[in-house]
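Have a look at the structure below before the remarks.
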Amino acid sequence: MMDNRKANTKPNKSKRGVGGVVTSRILSYILLIFLTIICLFPFYILIVNASRSHVQITAGFSLIPGKNLFQNIKDVLKNSTFTIGSGMRNSLLIATLSAVLTTYFSTLTAYAIHMYDFKLKKYAFTFIMFVMMVPAQVSALGFLDLIDKIGMRNTLYPLFLPAIASPVTFFFMKQYMESVLPTEIVEAARADGSSEFRTFNTIILPIMKPAISVQAIFSFVGSWNNYFIPALVISSQNKKTVPILMAGLRSASYQNFSLAQQYVAICMAIIPLIIMYFILSRYIIAGVTLGSVKG
Amino acid sequence: MQNPKKSKKFVNYSKWGYIFLIPFFVTYTIFSLIPLLSTFYYSFFELYWANGGLSKVGPNFVGLKNFFKLFTESEFLKYFGNTMILWIIGFIPQILISLLLAALFTSNRLRLKRQGFFKSVIYMPNLIMASAFAMLFFTLFSPDGPVNQLLIQFGFVNAGDPIRFFSRITGTRGIIALMNFLMWFGNTTIMLMAGIMGIDQGLFEAAYVDGAKPIQVFKRITLPLLMPILSYVMITSLIGGIQMFDVPQILTSGSGSPNNTSKTVVMLLNSKLSPSLNYGDGGAISVILFMLTALCSVVVYRSMMNKTGNDEVKKKIREEQRRK
């Protein structure tokens with residue numbers, strides 16, 4: 001897509017004066033800068049206030065960071081109602097496992113539909129497409145009932161195991177395979193005596209790497225940010241994930257958390273994601289574009 | 001020496017299609033299909049735990065009673081109205097700004113620089129944890145928060161009388177809409193950009209050669225050709241809007257305050273999933289949510305299939321040119 005557009009960006013010698021273009025270009029930049037400020041300002045204030053003391057924060061607004069960041073971090077870590085350490089560990093574990101499971105098995109499912117001809121293929125594909133739009137909230141009641149019955153209530157398993165069956169990731173993988181995966185490669189592997197499973201693991205997975213990394217990021221972020229299901233499943237403090245801790249922070253009283261501590265706590269929940277985003281943003285945006293043009 | 005082509009005939013590869021589908025279907029059946037069906041099943045029953053979970057009431061079959069109760073006794077319709085209001089006031093600015101940005105980013109005439117940076121920035125809020133984002137906005141807009149401090153410093157507000165955003169209907173709803181706007185406009189912009197870049201560039205060039213103004217080109221060519229993607233964006237956003245939960249839940253600490261005016265359908269569902277309340281009510285809400293989503297999905301599917309596409313507009317333009 002990008003190349004296609006670039007090829008067409010020949011200087012457009014318009015008969016209308018250059019002045020009009022310059023004016024609209026300036027207006028465009030003003031709009032973009034305005035939107036950038038709206039997007040970044042809340043995060044800037046977050047960081048500034050995270051580095052100020054409670055007294056400074058209540059005293060008034062400031063654009064200049066204070067010097068209390070490390071003290072605030074220490075205070076939050078000491079606070080026993082906000083177990084950010086174990087929260088991060090749980091979230092990291094769940095998000096990583098979800099990303100691994102969903103990319104591996106969605107690629108496998110897409111491969112089954114893409115590469116093989118079998119009787120029920122059409123029905124299987126239609127079924128997956130059909131359930132793609134069913135939101136997780138709709139089956140929450142039955143889900144809770146089920147994990148009660150199989151003894152998974154208040155464990156981390158129900159937060160990552162369902163990632164094996166993710167229709168949306170499957171759909172993305174299937175689309176990607178259609179554009180990159182030649183059948184000849186698989187036939188050559190077969191001729192060389194490679195088993196189907198081995199072909200998938202050693203040949204197909206590496207070819208799918210770009211799609212896998214994009215989907216791994218999305219699945220990681222989605223699972224890291226998930227609140228609805230974990231909040232229903234998890235009850236003990238040491239199993240809570242970061243979003244549940246955040247919700248607890250909202251209803252906490254000011255006596256337990258100074259404002260400075262609140263800002264630091266929010267920072268701890270989102271700064272890792274922001275850093276990761278700025279390293280990977282180019283791939284993430286390419287991934288969104290890739291996923292949206294087809295369909 | 002074995003001929004690979006000959007040996008292939010003796011191996012039945014199609015069985016591998018089935019084998020590779022097993023993990024998906026087993027997991028889906030256990031964690032999604034069975035829960036979905038049992039949710040529907042429970043929606044026809046009265047079932048709850050009383051006396052602190054000691055005694056079980058039900059399951060007693062009550063037919064459609066849970067559904068009737070939902071529409072008559074509970075404020076389901078009001079919460080559905082809230083959900084739609086919150087979605088609409090966030091979606092309107094989102095689609096307008098996104099359309100404008102997508103047009104600017106893809107314009108060959110403007111050729112804006114630093115596009116990568118701007119795209120990264122506007123997409124960023126989409127990835128931020130909704131719960132932390134909500135907590136952040138709660139702190140920013142609280143009576144002694146930075147927004148009020150700023151307003152006081154500029155003299156818009158008296159120091160002793162800060163704006164209590166969260167005790168006003170417009171304040172709370174406005175902040176939820178603002179957050180939804182911030183979280184989604186980057187995503188929508190990128191989708192629309194992809195749509196615009198998929199349009200045959202020859203059409204734009206032809207129009208400019210004929211002396212069309214940029215606004216005319218946008219109205220006559222870009223917008224009609226973008227219709228399938230626009231309706232896709234709108235309906236997927238509607239489906240997301242129906243599921244709105246994290247932001248209002250955390251912003252109002254689950255209360256939907258002031259006076260339940262920012263309580264959404266999924267917040268109601270969430271509150272019904274506690275054991276002391278009738279599970280059947282939760283089931284009934286889920287069934288209705290499912291039907292609404294299914295309806296929207298059918299419309300999405302239709303709009304995606306009905307791509308009028310480049311060809312028709314091209315034909316129209318050619319006809320017009322011939323007439324000239």
Side-chain angles (χ1 to χ4, degrees), chain A residues 1 5 8-9 12 21 24-25 28 32 35-36 39 42 45-46 58 60-61 105 108-109 111-112 116-118 121 124 133 135 137-146 162 164-165 191 196 221 225 227-228 232 243 246-247 249-251 262 266 269-270 273 277 281 285 288-289 292-293 295, chain B residues 4 13-14 16-18 20-21 23-24 27-28 31-32 34-36 38-39 42 104 108-110 112 118-125 127-132 135-136 139-140 144 146 149-150 153 190-191 194 197-198 201 243 245-246 250 253 266 273 279 282-283 286 289-290 293 297 304:
Chain A
M1 272 299 136
R5 200 181 70 87
N8 280 304
T9 19
N12 206 338
V21 177
S24 23
R25 204 176 278 159
S28 312
L32 285 172
L35 288 170
T36 305
C39 285
I45 296 300
L46 172 64
T58 44
F61 178 80
F105 285 104
L108 189 70
T109 312
Y111 184 68
Y116 299 100
D117 270 316
F118 50 96
K121 173 174 161 160
M133 292 287 192
Q137 288 109 324
V138 164
S139 52
L141 166 60
F143 186 77
L144 285 175
D145 185 55
L146 175 90
I164 292 172
E196 295 302 296
V221 171
N225 289 346
Y227 171 64
F228 186 78
L232 290 169
M246 272 295 121
L249 191 64
R250 165 64 183 85
S251 41
Q262 290 203 2
I266 303 169
I270 59 185
L273 216 55
Y277 177 65
S281 64
I285 287 172
V288 187
T289 320
S292 61
V293 275
Chain B
Y13 288 114
S14 71
W16 286 96
Y18 293 110
F20 287 172
L21 283 180
F24 182 98
T27 311
Y28 189 83
F31 287 109
S32 297
I34 293 174
L36 188 66
S38 68
T39 303
Y42 281 129
L104 296 181
N108 281 344
R109 210 171 124 260
L110 291 174
L112 297 177
F118 288 123
K119 281 179 220 159
S120 298
V121 168
I122 62 173
Y123 190 77
M124 187 189 70
L127 292 183
I128 300 301
M129 188 180 291
S131 52
M135 186 58 210
L136 173 60
T139 332
L140 291 180
D144 51 358
Q149 290 173 346
L150 203 62
Q153 273 174 22
I190 288 167
M191 299 246 273
M197 291 190 305
Q201 294 292 317
Q243 298 163 34
F245 173 68
D246 300 31
I250 294 179
S253 202
V266 177
L273 293 179
Y279 276 131
S286 302
L289 274 178
F290 177 82
T293 317
S297 305
M304 291 311 282

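Per chain, numbering begins at 1; letters A, B, ... match sequence-line order.
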Checklist entry - Between Phe245(B) and Phe228(A), how do the two ring planes meet: parallel, tilted or perpendicular, split at 30° and 60°? => result perpendicular
Item to check | Worked verdict on Phe290(B) versus Ser139(A) for side-chain contact (heavy atoms from CB on, under 4.5 Å) | outcome: CA-CA 9 Å; Phe290(B) 177 82; Ser139(A) 52; over 6 Å; no
Checklist entry - When you measure from the side chain of Gln262(A) to the backbone N and O of Thr139(B), does any donor-acceptor pair fall under 3.5 Å? => result no
Item to check | Region of Tyr28(B) in contact with chain A, defined by heavy-atom distances below 4.5 Å | outcome: both
Checklist entry - Which pair of non-hydrogen atoms, one from Phe61(A) and one from Gln149(B), has the smallest distance, and what is that distance? => result N-OE1, 3.1 Å
Checklist entry - Under a 4.5 Å heavy-atom cutoff, which of Leu127(B), Ile122(B), Leu140(B) has the most pairs with chain A? => result Leu127(B)
Item to check | Closest non-hydrogen atom pair, Thr36(A) against Val121(B) | outcome: CG2-CG1, 3.7 Å
Checklist entry - Among side-chain atoms of Asp145(A) and Tyr279(B), is any donor-acceptor pair under 3.5 angstrom? => result no
Item to check | Heavy-atom pair of closest approach, residues Ala269(A) and Ala132(B) | outcome: CB-CB, 4.2 Å
Checklist entry - Measuring heavy-atom distances to chain A, does Ser120(B) have an atom under 4.5 Å in its side chain, in its backbone, in both, or in neither? => result both
Item to check | Interatomic spacing from OG1 in Thr39(B) to CD in Gln137(A) - rounded to 0.5 Å | outcome: 12.0 Å
Next on the checklist: Counting heavy-atom pairs under 4.5 Å with chain B, which one of Leu35(A), Leu144(A), Thr58(A) comes out on top?
Outcome noted: Leu35(A)
Checklist entry - Which residues pass the side-chain contact (heavy atoms from CB on, under 4.5 Å) test with Ser28(A), sequence neighbours left out? => result Leu104(B), Leu110(B), Leu112(B)
Checklist entry - Where do Leu146(A) and Pro35(B) come nearest, in terms of heavy atoms and distance? => result CD2-CG, 4.4 Å
Item to check | Side chain / backbone / both / neither for Gln153(B) at chain A, heavy atoms under 4.5 Å | outcome: side chain
Checklist entry - Side chain, backbone, both or neither: which part of Phe118(A) has a heavy atom under 4.5 Å from chain B? => result both
Next on the checklist: One pair to check against side-chain contact (heavy atoms from CB on, under 4.5 Å): Ile285(A) and Ile190(B). What are the steps and the verdict?
Outcome noted: CA-CA 8 Å; Ile285(A) 287 172; Ile190(B) 288 167; 3.7 Å; yes
Checklist outcome for this item: Among Ile250(B), Asp246(B), Leu36(B), the residue with the most heavy-atom pairs under 4.5 Å to chain A is Ile250(B)
Item to check | Which portion of Leu32(A) sits near chain B, non-hydrogen atoms under 4.5 angstrom | outcome: both
Checklist entry - How long is the span from the OG atom in Ser14(B) to the NZ atom in Lys121(A), to the nearest 0.5 Å? => result 11.0 Å
Checklist entry - If only atom types and distance count, is the side chain of Tyr227(A) paired as donor or acceptor with the main-chain N or O of Met129(B) below 3.5 Å? => result no
Item to check | From OG (Ser297(B)) to CE (Met133(A)), nearest 0.5 Å | outcome: 4.5 Å
Checklist entry - Hey, is the main chain of Ala130(B) close enough, under 3.5 Å, to the side chain of Asn225(A) for a donor-acceptor pair? => result no
Next on the checklist: Working note: Tyr116(A) + Tyr13(B), criterion side-chain contact (heavy atoms from CB on, under 4.5 Å); need CA distance, chi angles, decisive distance, verdict.
Outcome noted: CA-CA 7 Å; Tyr116(A) 299 100; Tyr13(B) 288 114; 4.1 Å; yes
Checklist outcome for this item: Of Leu46(A), Ile45(A), Val221(A), Leu108(A), the largest count of non-hydrogen pairs under 4.5 angstrom with chain B goes to Leu108(A)
Item to check | chain B contacts, top residue of Ala247(A), Ala124(A), Pro42(A) (heavy-atom pairs, under 4.5 Å) | outcome: Pro42(A)
Checklist entry - Could you walk me through whether Leu21(B) and Thr109(A) pass the side-chain contact (heavy atoms from CB on, under 4.5 Å) check? => result CA-CA 5 Å; Leu21(B) 283 180; Thr109(A) 312; 3.4 Å; yes
Checklist entry - Using 30° and 60° as the class limits, which term best fits the ring planes of Phe31(B) and Phe143(A): parallel, tilted or perpendicular? => result tilted
Checklist entry - Which of the residues Ser38(B), Gly283(B), Pro23(B), Ser253(B) is involved in the greatest number of heavy-atom pairs with chain A at under 4.5 angstrom? => result Ser253(B)
